[in-house]
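Everything on this sheet refers to the single structure shown next.
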Protein chains: 2
Amino acid sequence: MERSKAQPYHHGQLREALLTSGRALLEEKGIRGFTLRECARRAGVSHAAPAYHFASIDDLLAELAARGFDELAAAMTAEADRSADKGAEDASTGRLMGQGVGYMAFAAGNPALFQLMFSREANRLDAPALAAAAEKVRALHAAAIEAVIPHASGEIKQRMADFAGASVHGFISLLLEGQIGGRDSSRALKARGLALLSAMAETVVRAGG
Amino acid sequence: MERSKAQPYHHGQLREALLTSGRALLEEKGIRGFTLRECARRAGVSHAAPAYHFASIDDLLAELAARGFDELAAAMTAEADRSADKGAEDASTGRLMGQGVGYMAFAAGNPALFQLMFSREANRLDAPALAAAAEKVRALHAAAIEAVIPHASGEIKQRMADFAGASVHGFISLLLEGQIGGRDSSRALKARGLALLSAMAETVVRAGG
DNA sequence: CCCTAATCTTGACGATGGAAAGAGGCGAAA
DNA sequence: TTTCGCCTCTTTCCATCGTCAAGATTAGGG
């Protein structure tokens with residue numbers, strides 16, 4: 001009954017295998033090219049096998065998106081910690097920018113998944129786990145802003161959270177969609193991203209004082 | 001020429017009709033729910049009729065996206081003009097914010113089309129018309145920034161263009177995806193959007209001087 | 001040792017995108 | 001005017017898709 005690591009019989013870890021193959025497939029073919037059958041094929045099972053683990057293809061996508069949000073939150077926290085450790089003069093501002101770096105890095109590393117997570121389709125699925133995971137990311141944003149401008153009014157904080165979140169999300173989105181820096185090198189793009197984070201942080205700080 | 005009862009064998013305006021029904025279908029069903037056959041059905045023709053006008057379903061989507069960019073550019077210019085006419089103290093700053101308002105208004109009015117335009121899928125299609133239309137929107141951004149801070153360095157201008165574009169695009173994207181303002185009223189959301197535009201414009205102005 | 005229930009396979013259904021072939025109608029050349 | 005070519009649309013067909021309904025398989029409790 002209680003198998004901690006889930007050790008079913010025929011395949012073993014079909015659910016995990018489907019999530020793994022599905023994630024790769026998503027990055028390869030994009031949202032429109034994603035098919036459940038190809039997913040099953042890559043996991044080495046028949047086309048109807050996924051039905052037991054996922055009620056529908058949307059269920060699988062929702063789970064992928066939810067895990068993506070978890071991973072995104074982890075990437076943000078990790079990079080924020082790393083930035084804070086560097087011992088900048090202002091730790092909270094460093095964390096804010098670090099979180100932005102983590103956000104962008106995750107998006108750049110998982111462009112199709114990132115798009116799925118923030119897609120209208122994902123929004124349509126009613127998956128509580130997905131909504132909760134997304135909320136966690138938003139909470140990280142709010143907390144980072146709170147740390148930088150703790151004495152500002154609630155309205156200012158909200159507006160700066162809007163602002164910071166929008167800048168970072170918008171920049172990396174436009175970049176991934178090819179709307180920014182067509183022929184620029186990866187190094188140049190990183191510089192542009194960092195410059196954007198600086199301007200964002202400066203605006204937040206100013207609004208708080 | 002108009003036979004309302006008996007459909008003529010030759011539709012006459014099938015291409016336009018498909019684009020119209022396709023656009024409505026896109027907003028209704030989303031990118032994943034979009035089908036060529038339903039498109040044809042709504043235009044009153046057989047499922048293979050679109051083949052002559054569009055080489056593939058991606059061709060149709062590319063055309064929809066390209067026209068979306070044209071419309072977006074028009075919305076931006078129109079709203080910028082309207083803002084400038086209001087006689088603000090600084091006309092160029094007013095235009096910049098007005099363009100942002102036009103951008104957001106178009107996105108809010110055509111959420112699915114907007115997402116298609118900025119989707120990885122659209123990016124995959126090699127449609128020169130699409131790329132050109134997107135470039136026109138980017139040029140509008142750059143021009144608005146140029147007008148506000150004409151004496152700044154090229155690098156500053158680029159970074160502020162990044163910043164302005166990212167803020168506006170990110171905010172409206174997150175809003176449409178339900179990541180911002182879950183229970184807020186439409187009025188409150190507009191206020192948040194305007195506040196964001198103010199903060200954005202202020203940052204640009206400060207960076208230029 | 002066997003029996004139940006969870007897991008996976010096979011097969012089927014309607015729907016999709018696209019190709020192929022045929023039918024219908026417009027307009028230019030005779 | 002008549003004829004013929006070409007563009008447009010329909011019909012038919014195919015491989016694939018998601019999902020459902022059965023049947024097969026096997027793990028593990030009784």
Side-chain angles (χ1 to χ4, degrees), chain A residues 1-22 24-26 28-65 116 121-122 124-127, chain B residues 1-22 24-26 28-65 116 119 121-122 124-125 127:
Chain A
M1 194 70 76
E2 195 34 57
R3 285 179 296 262
S4 58
K5 224 30 186 158
Q7 169 111 325
Y9 24 112
H10 269 139
H11 180 280
Q13 308 217 67
L14 221 205
R15 179 170 236 271
E16 291 304 316
L18 287 171
L19 287 166
T20 303
S21 66
L25 182 59
L26 183 64
E28 266 180 53
K29 303 289 179 62
I31 292 192
R32 263 189 86 82
F34 184 90
T35 73
L36 199 54
R37 283 170 112 106
E38 174 66 18
C39 226
R41 220 171 283 135
R42 293 187 181 200
V45 293
S46 83
H47 61 88
Y52 191 81
H53 301 279
F54 300 98
S56 72
I57 191 173
D58 285 343
D59 247 43
L60 206 174
L61 290 174
E63 176 79 17
L64 279 175
L116 170 68
E121 329 292 317
R124 230 167 253 209
L125 325 165
D126 59 334
Chain B
M1 296 303 160
E2 272 306 317
R3 285 175 280 264
S4 54
K5 262 320 188 104
Q7 295 279 355
Y9 197 92
H10 285 73
H11 186 286
Q13 313 260 31
L14 222 204
R15 190 184 170 84
E16 290 304 316
L18 287 172
L19 287 167
T20 302
S21 66
L25 182 59
L26 183 65
E28 265 179 55
K29 304 291 180 62
I31 292 192
R32 261 187 88 81
F34 185 90
T35 72
L36 199 54
R37 283 167 111 108
E38 175 66 19
C39 225
R41 221 171 282 135
R42 293 187 180 197
V45 294
S46 82
H47 63 85
Y52 187 83
H53 301 279
F54 300 98
S56 73
I57 191 172
D58 285 343
D59 246 43
L60 206 173
L61 290 174
E63 176 80 16
L64 280 174
L116 170 68
S119 75
E121 328 292 318
R124 229 168 253 208
L125 326 164

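Per chain, numbering begins at 1; letters A, B, ... match sequence-line order.
For the pair L14(A) CG and dT25(D) P, the computed distance is 18 Å after rounding to whole Å. One interatomic measurement links the two molecules: NE2 of H53(B) to P of dG17(C), which rounds to 17 Å at whole-angstrom precision. Atom pair L60(A):CG and dC17(D):C1' shows a separation of 15 Å (rounding to whole Å applied). Nucleotide dT16(D) holds its C1' atom 13 Å from the CD1 atom of I57(A), rounded to whole Å. Protein atom CD of E38(B) is 15 Å distant from nucleotide atom C1' of dG14(C), rounded to whole Å. Regarding L36(B), its CG atom lies at a distance of 5 Å from the P atom of dG17(C), rounded to whole Å. The distance from atom CZ of F34(A) to atom C1' of dT16(D) is 16 Å, rounded to the nearest whole Å.
Inter-residue side-chain proximity for L60(A) and C39(A) is flagged as met; some heavy-atom pair is nearer than 4.5 Å. Annotation: side chain of I57(A) is in contact with side chain of R32(B) (closest heavy-atom distance under 4.5 Å). Considering only heavy atoms from C-beta on, I31(B) stays 4.5 Å or farther from I31(A) through its side chain.
Judged by closest nucleotide on DNA chain C, V45(A) is the one of V45(A) and R41(B) placed further toward the 5' end. Comparing R32(B) and Q13(B), the nucleotide of DNA chain D nearest to each residue sits closer to the 5' end for Q13(B).
We find that R15(A) and E63(A) are joined by a salt bridge, their nearest charged nitrogen and carboxylate oxygen being less than 4.0 Å apart.
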What are the atom names and distances for every N/O pair under 3.5 Å that joins the protein to nucleotides 10-12 of chain C?
none

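Shortest non-hydrogen contact noted between S21(B) and R42(B) is CB-CB, 3.8 Å.
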Q: Return one dot-bracket line describing DNA chain D 5' to 3' (Watson-Crick or G-U wobble pairs, both distances under 3.5 Å; ( ) same strand, [ ] crossing, | another strand, . none).
A: ||||||||||||||||||||||||||||||
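Between the CG atom of L18(A) and the CG atom of L25(A) there is a distance of 11.0 Å, given to the nearest 0.5 Å. Atom CG of L64(A) and atom CG of D58(A) lie 11.5 Å apart (nearest 0.5 Å). Going from atom CG of L26(A) over to atom CG of L19(A) covers 11.5 Å, rounded to the nearest 0.5 Å.
The closest donor-acceptor contact from the side chain of E121(A) to the backbone of G30(B) lies at 3.5 Å or more, if one exists at all.
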